[in-house]
Amino acid sequence: MGSTPGTSGRPTAGGVGRRDLIKRAAALGIISVPTMSFLSACASGGGGDNDKAKTSKKTKSNPFGVAKDNDLDVFIFKGGYGDAYAKAWEASFEKKYGGSVAHSGEQDVTGKLQPRFNKGNPPDVVDDSGSKKMKLDTLHKEGHLTDLTQLLDAPSIDDPSKKIRDIMMPGTIEQGTFGGKFHALFYVYATWGLWYSNKLFKKHGWEVPKTWDQMLDIMKDAKSKGIGGLAHQGKYPYYMNIVIMDLIAKTGGMDAVKAIDNLEKKAFVGNPAAERAIEAVYEIVEKGLLMPGTNSLEHTEAQTKWNEYKAVFIPSGSWLENEQAKQTPDDFEMTFLPLPLLPDSKMKLHALRTGADEPFIVPSKAKNVPGGLEFLRRMLSKEGATAFAKEASSLSVIGPEFVDKSVQLRPGIKTALAAVDACPVDERFNFRYSEWYGELDVAIQNATGELMAKRITPKKWLERCQAAVDKEAEKNPDTKRK
C-alpha cells in the first residue's frame with residue numbers, strides 16, 4: 001500500500017474470540033457492522049499515566065523532552081519494504097538515548113495491534129500499512145492518534161534553522177491530515193503505475209505503449225504467444241484499482257480526482273471519465289487478456305508468475321522491485337510505465353500518481369510519546385533517509401538530496417524515479433480517499449474484485465462505488481479538498 005503497499009497479512013495462530021472475528025471481518029469489509037466502533041467496542045484498560053515514560057527538559061536539540069534510558073516499542077509493517085531499515089533506525093535511537101527498542105515486524109497489523117489499542121497499551125510507533133492495516137480515519141475519530149503538528153514545527157536534525165515541515169515534499173502534510181490535524185507521517189515517496197520486463201519487450205519486438213489501444217494490441221499479441229496480457233493481484237483488488245483510478249484521473253484530470261476525494265454526487269455515476277475508464281479496463285476482462293488464474297492469486301503469487309514471464313504487465317507501486325528481489329531473474333530488466341492514455345485525456349502521458357505513502361503514527365495512549373515523536377524526527381534526517389534507501393531501495397518524503405551518494409538504488413526503481421523526474425510537479429497527482437475514508441476504500445476494492453471476476457458489469461461497478469461515496473458523504477458532509 002502502499003498504501004499500501006500491498007502485502008497481505010496472515011491471521012495469527014491461537015484462539016480468536018467471536019467479537020475479534022466480527023471486528024476483523026468488519027475492518028476488511030467482509031461484513032458491515034455500523035453500530036460497532038472499530039476500537040472502542042472493548043473496554044479500555046491499562047496504559048495509565050503512571051506507566052508513562054519519564055521526560056526531560058525540552059531544548060532545540062531535544063524538542064520533545066526525551067529522557068535517557070527509556071524503552072521504546074516500535075511496530076513495523078513487514079511488507080514490500082521489509083523491516084531491515086527500521087532495525088537500523090532503532091539501533092541508532094538506542095545509541096543516542098539508551099534504553100532498549102522492542103521491534104516487531106509483522107503483516108497483520110489489525111490482528112496484532114487492535115487488542116493492544118483496546119487495552120490502552122499500544123506501541124510507541126506504528127507503521128500502519130498493508131491489507132490488514134487499521135483504518136486511520138477511525139483511529140482519528142476515536143482519539144487514538146497523537147497530533148503530530150509538533151513534529152512539523154520541530155527543528156530538522158541536519159539543519160536546525162529549518163523546521164521539519166520545510167523539508168517535506170509537497171502533499172505530505174495534506175496526506176496525513178485528518179479533521180484538520182496532522183496525525184500520520186506518510187514517510188515513503190512512492191510512485192504507482194504499470195511494470196513490465198524490458199527483456200520480454202525486446203524479445204517480442206514490442207514498443208513501449210503510449211495509448212490504451214497500443215497497450216491492448218501488445219496484450220493481444222502476447223495472448224497469441226501464450227502469454228497473459230495483464231497479471232493482477234486478484235485477492236487484493238487494491239492493485240487493480242491503481243489501473244482503474246489512475247485511468248480515471250488521467251482521463252478526467254484533477255477534477256475527476258477531487259470529485260472522488262470530495263465525495264461528490266457525480267464522483268462515479270454521471271462522471272464521463274469514470275465511465276470511459278471502467279469500460280476500457282473491462283475490455284481486458286471481456287477479451288480474455290488477463291493472465292489465467294490471476295483473479296485467485298495473492299500479490300506475491302501473481303508477481304512471481306509475472307517474473308516468470310507469464311504476463312506482460314502488472315500494476316504495483318515502487319516497492320515492487322524490493323518485494324520481488326529474490327524472485328526476479330538477474331536479466332529481467334524491470335521497468336516502470338506511466339499508465340497509457342485513452343483518447344482526449346485531460347492529462348498527458350507523463351502524468352502519474354506519486355507522493356507520500358506508508359503512514360507512521362504515534363498512538364495517543366503510547367507509553368513513550370516523546371520517544372515516538374523523536375523517532376519520527378530522526379527518520380526525517382540524512383541518516384534515516386539513507387538507511388531507508390539502502391535497505392528498501394526507495395526514497396523518503398524528504399527527497400534524494402538526503403540520501404548518501406554511496407547508496408545505489410536498484411535499476412527498476414531508477415526507471416520509476418526517471419518517470420517522476422520527467423513529470424512536472426503540477427502534473428503529479430495522488431488520491432486521498434483511501435486513507436481519509438477506510439470504508440469507502442474497502443467498498444471500491446470489493447466492487448473491483450467482482451468486476452475483474454466478471455460477476456458485475458461496469459455499470460454496476462459505477463453504481464456500487466457511487467453508493468459507497470454517497471454513504472460516506474452523509475457521515476462527512478463538510479469534506480473539501482482544495
Side-chain angles (χ1 to χ4, degrees), residues 53 55-68 70 72 74 76 81 85-99 101 124-127 145-178 181-190 354-362 366 368-407 409 417 420 425 428 430:
T55 58
S56 182
K57 182 181 179 181
K58 295 182 180 180
T59 64
K60 192 166 186 177
S61 61
N62 186 10
F64 309 117
V66 178
K68 291 281 188 178
N70 280 327
L72 193 72
V74 178
I76 298 296
Y81 300 114
Y85 66 89
K87 293 178 180 178
W89 292 343
E90 292 157 4
S92 175
F93 192 88
E94 283 183 339
K95 183 178 180 180
K96 174 72 175 178
Y97 292 103
V101 179
D124 302 309
V125 177
V126 177
D127 171 15
L145 302 177
T146 297
D147 185 351
L148 301 182
T149 303
Q150 54 194 310
L151 172 68
L152 297 177
D153 293 329
S156 164
I157 287 176
D158 301 300
D159 183 357
S161 68
K162 294 182 179 180
K163 294 180 179 181
I164 291 294
R165 66 169 71 245
D166 298 329
I167 64 173
M168 287 180 169
M169 290 186 175
T172 304
I173 296 174
E174 183 184 8
Q175 189 78 357
T177 298
F178 298 81
K181 293 185 178 181
F182 183 61
H183 277 317
L185 169 62
F186 284 75
Y187 180 77
V188 183
Y189 190 78
T354 186
D357 192 38
E358 198 81 6
F360 284 75
I361 60 174
V362 175
N368 191 359
V369 169
L373 292 167
E374 180 64 13
F375 191 84
L376 299 188
R377 189 172 80 107
R378 296 181 67 79
M379 287 164 49
L380 296 163
S381 67
K382 289 181 179 178
E383 181 184 10
T386 296
F388 184 73
K390 179 180 178 181
E391 300 295 345
S393 192
S394 293
L395 298 180
S396 74
V397 292
I398 55 176
E401 62 269 27
F402 285 85
V403 177
D404 190 278
K405 293 182 179 179
S406 65
V407 176
L409 300 176
L417 293 175
V420 173
V425 173
R428 302 172 191 177
N430 201 356

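For clarity, every value in this text was computed on a predicted model and none was experimentally measured. Computation of the quantities below employed the complete heavy-atom set of this structure, encompassing side-chain atoms and omitting hydrogens, waters and symmetry-equivalent molecules.
With sequence neighbours excluded, no residue forms a salt bridge (charged side-chain N to carboxylate O under 4.0 Å, His left out) with Arg428. Partners of Phe375 under the ring-ring contact (aromatic ring centres under 6.0 Å, His included) rule, at least two apart in sequence or in another chain, are Phe93.
Summarising the geometry, atom OG belonging to Ser156 is positioned 8.5 Å from atom NZ belonging to Lys382; distances are rounded to the nearest 0.5 Å. In this structure, CG on Leu376 lies 8.0 Å from CZ on Phe360, to the nearest 0.5 angstrom. Atom NE2 in His183 sits 10.5 Å away from atom CD1 in Ile361 (nearest 0.5 Å). Distance CD1/Ile76 to CD/Glu358: 8.5 Å, rounded to 0.5 Å. Distance CZ/Phe182 to CD1/Ile164: 10.0 Å, rounded to 0.5 Å. How far OH of Tyr97 is from CG of Leu72: 11.0 Å, rounded to the nearest 0.5 Å.
Residues Ala190 and Asp357 approach most closely at CB-CB, 3.7 Å, considering heavy atoms. Contact record, Glu374 with Pro63: OE1-CD, 4.1 Å, taken as the closest heavy-atom pair. Summarising the geometry of Pro155 relative to Lys60, their closest heavy-atom pair is CG-O, 3.1 Å, with the distance given to 0.1 Å. For the residue pair Ala366 and Asp124, the shortest heavy atom distance occurs at CB-OD1, 3.5 Å. What you find for Asp147 and Lys181 is that their closest heavy atoms are OD2-CD, 3.9 Å. The two atoms that bring Tyr85 and Glu391 nearest to each other are N-CB, 3.6 Å, heavy atoms only.
By the 4.5 Å heavy-atom criterion applied to side chains, Leu152 and Met168 are counted as neighbours. When side chains are defined from C-beta on, Asp153 counts as touching Arg165, because their heavy atoms get closer than 4.5 Å.
Thr146 places a side-chain N or O within donor-acceptor distance of the main-chain N or O of Val362, the cut-off being under 3.5 Å. With hydrogens and angles disregarded, a donor-acceptor distance shorter than 3.5 Å links the side chain of Trp89 to the backbone of Gly384. Looking only at distances, no side-chain donor or acceptor of Asn62 sits under 3.5 Å from a matching main-chain atom of Thr59. Checked by atom type and distance alone, the side chain of Gln175 never pairs as donor or acceptor with a backbone atom of Gly355 at under 3.5 Å. Between the side chain of Thr386 and the backbone N or O of Glu383, no donor-acceptor pair lies under 3.5 Å. Side-chain atoms of Lys68 come within 3.5 Å of backbone N or O of Lys96 as a donor-acceptor pair.
Side chain to side chain, Asp159 and Ser161 meet the donor-acceptor criterion of an N or O pair below 3.5 Å.
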Practice task
Tell me, with the steps shown, if Leu380 and Tyr187 meet side chain to side chain contact (heavy atoms under 4.5 Å, CB included).
Solution key: CA-CA 8 Å; Leu380 296 163; Tyr187 180 77; 3.9 Å; yes
Exercise for the section: Apply the test side chain to side chain contact (heavy atoms under 4.5 Å, CB included) to residues Thr177 and Ile173: give CA-CA distance (whole Å), side-chain angles for both, the deciding distance (0.1 Å), then the verdict. Expected result: CA-CA 6 Å; Thr177 298; Ile173 296 174; 3.9 Å; yes
Practice task
Begin with the C-alpha distance, continue with both residues' side-chain angles, and end with the deciding distance and a verdict on side chain to side chain contact (heavy atoms under 4.5 Å, CB included) for Leu417 and Leu395.
Solution key: CA-CA 9 Å; Leu417 293 175; Leu395 298 180; 3.7 Å; yes
Would you give me the side-chain donor-acceptor pairs under 3.5 Å for residues 396-404, sequence neighbours excluded?
| unit_1 | atom_1 | unit_2 | atom_2 | d |
| --- | --- | --- | --- | --- |
| Ser396 | OG | Ile398 | N | 3.3 |
| Asp404 | OD1 | Ser406 | N | 2.8 |
| Asp404 | OD1 | Ser406 | OG | 2.6 |

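Note: Tyr81 and Phe388 meet the aromatic proximity criterion, with ring centroids under 6.0 Å apart.
In Lys95, the NZ atom is not crowded: 12 or fewer heavy atoms of neighbouring residues, nucleotides or ligands sit closer than 6.0 Å. In the displayed structure, Gln150 atom CD is contacted under 6.0 Å by more than 12 heavy atoms of other residues, nucleotides or ligands.
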